[in-house]
Amino acid sequence: MKYFGTKNNKDYGFYEEKFDNSIEITDEYWAELLKEQSNGKMIILYEGNVIAVNEMEYEKKNGIWEKLTKENAEIKQLNIQNAIRKNEILAEMEEIDKKRIRALAEPVLKDDEITWLEYYNNQIQTLRNELNQLNT
């Protein structure tokens, strides 16, 4: 048998010995939970049971796990995707800024109509517009 719970009221884990407020689970169920965890799920205490869940379907509020509605789960997923894209945009802007510095020092035409600086400024503006849309 294994025991799931917290001894310090914040960090949950599995233990060999029983303690106050711990939940007893079989060794077989413990192995299933660990397998689920290795497949990307997280182990939580939900309504008195130890379960493995998809992180996008649950949220911890005031120290208690709650199952999200489908709509809230989609919002959570979208927020994560937006945060990732924002970081990508900022990294792209940083790289383009390096190129703009060189374009200032070497004012050369990219083609017959536009300088490299104008070209990079247009790229930055496109990224800024996308970033602004993600922030709204």
Side-chain angles (χ1 to χ4, degrees):
M1 294 305 232
K2 300 285 189 259
Y3 300 91
F4 183 82
T6 178
K7 291 183 176 182
N8 62 6
N9 291 325
K10 66 177 183 175
D11 300 316
Y12 280 82
F14 295 102
Y15 298 87
E16 295 286 330
E17 72 280 349
K18 186 174 181 147
F19 56 92
D20 289 341
N21 299 320
S22 65
I23 296 173
E24 185 177 313
I25 60 172
T26 65
D27 288 337
E28 293 80 15
Y29 188 58
W30 172 70
E32 285 177 38
L33 289 169
L34 293 181
K35 183 177 179 184
E36 292 291 328
Q37 186 178 43
S38 69
N39 289 327
K41 292 191 175 184
M42 61 183 190
I43 300 169
I44 65 169
L45 180 61
Y46 180 69
E47 296 182 347
N49 297 310
V50 182
I51 58 174
V53 299
N54 180 332
E55 185 176 356
M56 293 301 118
E57 297 173 354
Y58 290 79
E59 186 171 74
K60 197 172 192 178
K61 293 181 182 176
N62 299 323
I64 299 172
W65 286 99
E66 295 180 4
K67 186 168 175 64
L68 296 173
T69 64
K70 183 177 179 181
E71 181 180 320
N72 286 343
E74 289 171 358
I75 290 169
K76 182 177 181 179
Q77 180 66 40
L78 183 61
N79 287 340
I80 290 169
Q81 289 171 340
N82 285 348
I84 290 168
R85 182 60 187 140
K86 286 177 188 179
N87 286 334
E88 291 171 349
I89 289 171
L90 293 173
E92 288 177 49
M93 290 173 72
E94 188 73 29
E95 287 302 311
I96 292 172
D97 277 342
K98 292 175 188 175
K99 293 176 183 177
R100 290 190 325 167
I101 292 169
R102 175 159 289 171
L104 281 171
E106 301 172 8
V108 181
L109 290 177
K110 177 183 181 310
D111 55 35
D112 291 336
E113 300 177 9
I114 190 169
T115 66
W116 279 103
L117 181 58
E118 291 170 320
Y119 172 75
Y120 293 132
N121 284 340
N122 290 339
Q123 286 185 323
I124 288 281
Q125 189 57 49
T126 300
L127 291 170
R128 280 192 184 125
N129 291 341
E130 185 181 353
L131 189 59
N132 286 337
Q133 286 180 343
L134 291 173
N135 286 329
T136 57

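The two residues Met1 and Asp27 come nearest to each other via the heavy atoms N-OD1, 3.3 Å. Taking each heavy atom of Lys18 and Ser22 in turn, the nearest pair found is CG-OG, 3.7 Å. Taking each heavy atom of Leu131 and Ile89 in turn, the nearest pair found is N-CD1, 4.0 Å. Considering every non-hydrogen atom in both Val50 and Tyr29, the closest pair reads O-OH, 2.5 Å. Across all their heavy atoms, Phe19 and Lys7 have their closest contact at CD2-CE, 3.6 Å.
Grouping the Ile, Leu, Val, Met, Phe, Trp and Tyr side chains by contacts below 4.5 angstrom, directly or via other members, places Ile23 with Leu34. Under the 4.5 Å side-chain heavy-atom criterion for grouping Ile, Leu, Val, Met, Phe, Trp and Tyr, Ile25 is connected to Met42 within one hydrophobic cluster. Cluster annotation: Tyr12 is not connected to Tyr3 through the hydrophobic network of ILVMFWY side chains, with a link wherever side-chain heavy atoms come within less than 4.5 Å.
Other residues, nucleotides and ligands contribute at most 12 non-hydrogen atoms within 6.0 Å of the CD atom of Glu71. The environment of Asp20 atom CG is sparse: at most 12 non-hydrogen atoms of other residues, nucleotides or ligands sit within 6.0 angstrom. Within 6.0 Å of CD on Gln81 lie more than 12 heavy atoms contributed by other residues, nucleotides or ligands. For CZ of Arg102, the number of neighbouring non-hydrogen atoms (other residues, nucleotides, ligands) closer than 6.0 Å is 12 at most.
By the 4.5 Å heavy-atom criterion applied to side chains, Met93 and Ile96 are not counted as neighbours. Put simply, the side chain of Glu113 does not reach to within 4.5 Å of the side chain of Glu118, judged on heavy atoms. Here the side chains of Leu78 and Ile75 are not in contact, with every heavy-atom distance at 4.5 Å or above. Put simply, the side chain of Asn79 does not reach to within 4.5 Å of the side chain of Lys76, judged on heavy atoms. Using a 4.5 Å heavy-atom cutoff, the side chains of Ile51 and Tyr58 are in contact. In this structure, the side chains of Tyr46 and Val53 stay at 4.5 Å or more apart for every pair of heavy atoms. At a threshold of 4.5 Å between non-hydrogen side-chain atoms, the residues Asn121 and Arg100 count as touching.
A salt bridge links Lys98 with Glu95: at least one charged nitrogen is closer than 4.0 Å to a carboxylate oxygen. Classification of Lys2 and Glu16 as a salt-bridged pair holds, one side-chain N sitting under 4.0 Å from a carboxylate O. With salt bridges taken as basic N to acidic carboxylate O contacts below 4.0 Å, none links Lys67 and Glu47.
Here the CD-CG distance, from Glu94 to Leu127, works out to 12.5 Å after rounding to the nearest 0.5 Å. Note: Glu57 CD to Lys70 NZ = 11.0 Å, rounded to the nearest 0.5 Å. Summarising the geometry, atom CG belonging to Leu90 is positioned 10.5 Å from atom CZ belonging to Arg128; distances are rounded to the nearest 0.5 Å. Residue Glu130 holds its CD atom at 9.5 Å from CG of Asn82, rounded to the nearest 0.5 Å. Annotation: the span from Ile43 atom CD1 to Gln37 atom CD amounts to 4.0 Å, rounded to 0.5 Å. Between the CE atom in Met56 and the CD1 atom in Ile80 there is a gap of 3.0 Å [rounded to 0.5 Å].
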Could you go through Arg85 and Glu88, starting from their C-alpha distance and side-chain angles, then the distance that decides it, and tell me whether this counts as salt bridge (Lys or Arg N to Asp or Glu O under 4.0 Å)?
CA-CA 5 Å; Arg85 182 60 187 140; Glu88 291 171 349; 3.3 Å; yes
Verdict with reasoning, Lys60 to Ile44, per side-chain contact (heavy atoms from CB on, under 4.5 Å)
CA-CA 10 Å; Lys60 197 172 192 178; Ile44 65 169; over 6 Å; no
Would you check, one step at a time, whether the test side chain to side chain donor-acceptor pair (under 3.5 Å) holds for Asn129 with Gln133?
CA-CA 6 Å; Asn129 291 341; Gln133 286 180 343; over 6 Å; no
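At least one donor-acceptor pair closer than 3.5 Å links the side chain of Asp111 to the backbone N or O of Ile114. Here the side chain of Lys99 pairs no donor or acceptor atom with the backbone of Trp116 at under 3.5 angstrom.
Ring-plane geometry between Phe14 and Trp30 is classed as perpendicular, the angle between the planes exceeding 60 degrees on a 0 to 90 degree scale with a lower cut at 30.
Under a 4.5 Å side-chain heavy-atom criterion applied to ILVMFWY residues, the cluster that includes Leu117 comprises Leu104 as well.
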